[in-house]
Amino acid sequence: MATPVLSVIIPVYNAERSIERTLDSVLPQAGEDAEIILIDDGSCDRSLEICQRLAREDARIKVFSQANGGPGAARNTGLQAARGEYIQFVDSDDTLMPGTISALL
């Protein structure tokens, strides 16, 4: 895979109710040359299971899992994994407005 233009880093903690909605707002605007990095930060709900299923459905999604260290630690894990020229952080309960990523780029 070529180097992605954009890495979208999403820390996930107990987000089983929101992560799919968040990705529904990110994926259509991310483009095929982006990577979406989901970091499960020790969730106690089904967040990791949902993230893994979504990764099987879309090759742009990469999932990492770690013991709970808080959003900063999860973002740092995402930064270490990111290969994109540009980085965007999104929270697991955010919904991006259309055009957000194109405005960033």
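- Listed for the D91 side chain is no donor-acceptor partner under 3.5 Å among the backbone atoms of D93.
- Judged by distance alone, the side chains of Q66 and D40 never bring a donor and an acceptor atom under 3.5 Å apart.
- At least one side-chain heavy atom of L96 sits under 4.5 Å from a side-chain heavy atom of Q29.
- Checking side-chain atoms of T22 against main-chain N and O of S18 turns up a donor-acceptor pair under 3.5 Å.
- The line from CD of Q88 to CD1 of I36 is 9.0 Å long, rounded to the nearest 0.5 Å.
- Looking at E57 and R53, their side chains come closer than 4.5 Å, going by heavy atoms from C-beta outward.
- Side-chain atoms of R60 come within 3.5 Å of backbone atoms of G31 as a donor-acceptor pair (strictly under, hydrogens ignored).
- The OG atom of S65 lies 7.5 Å from the CD atom of Q52; values are rounded to the nearest 0.5 Å.
- In this structure, S25 and D94 have side chains that are not in contact, with every pair of non-hydrogen atoms separated by 4.5 Å or more.
- Using a 4.5 Å heavy-atom cutoff, the side chains of L104 and T100 are not in contact.
- Remark: the backbone N or O of E16 is paired with a side-chain donor or acceptor of D45 at under 3.5 angstrom.
- The number of heavy-atom neighbours closer than 6.0 Å to CZ of F89, taken from other residues, nucleotides and ligands shown, is above 12.
- Residue R17 places its CZ atom among 12 or fewer non-hydrogen atoms of other residues, nucleotides or ligands, all under 6.0 Å distant.
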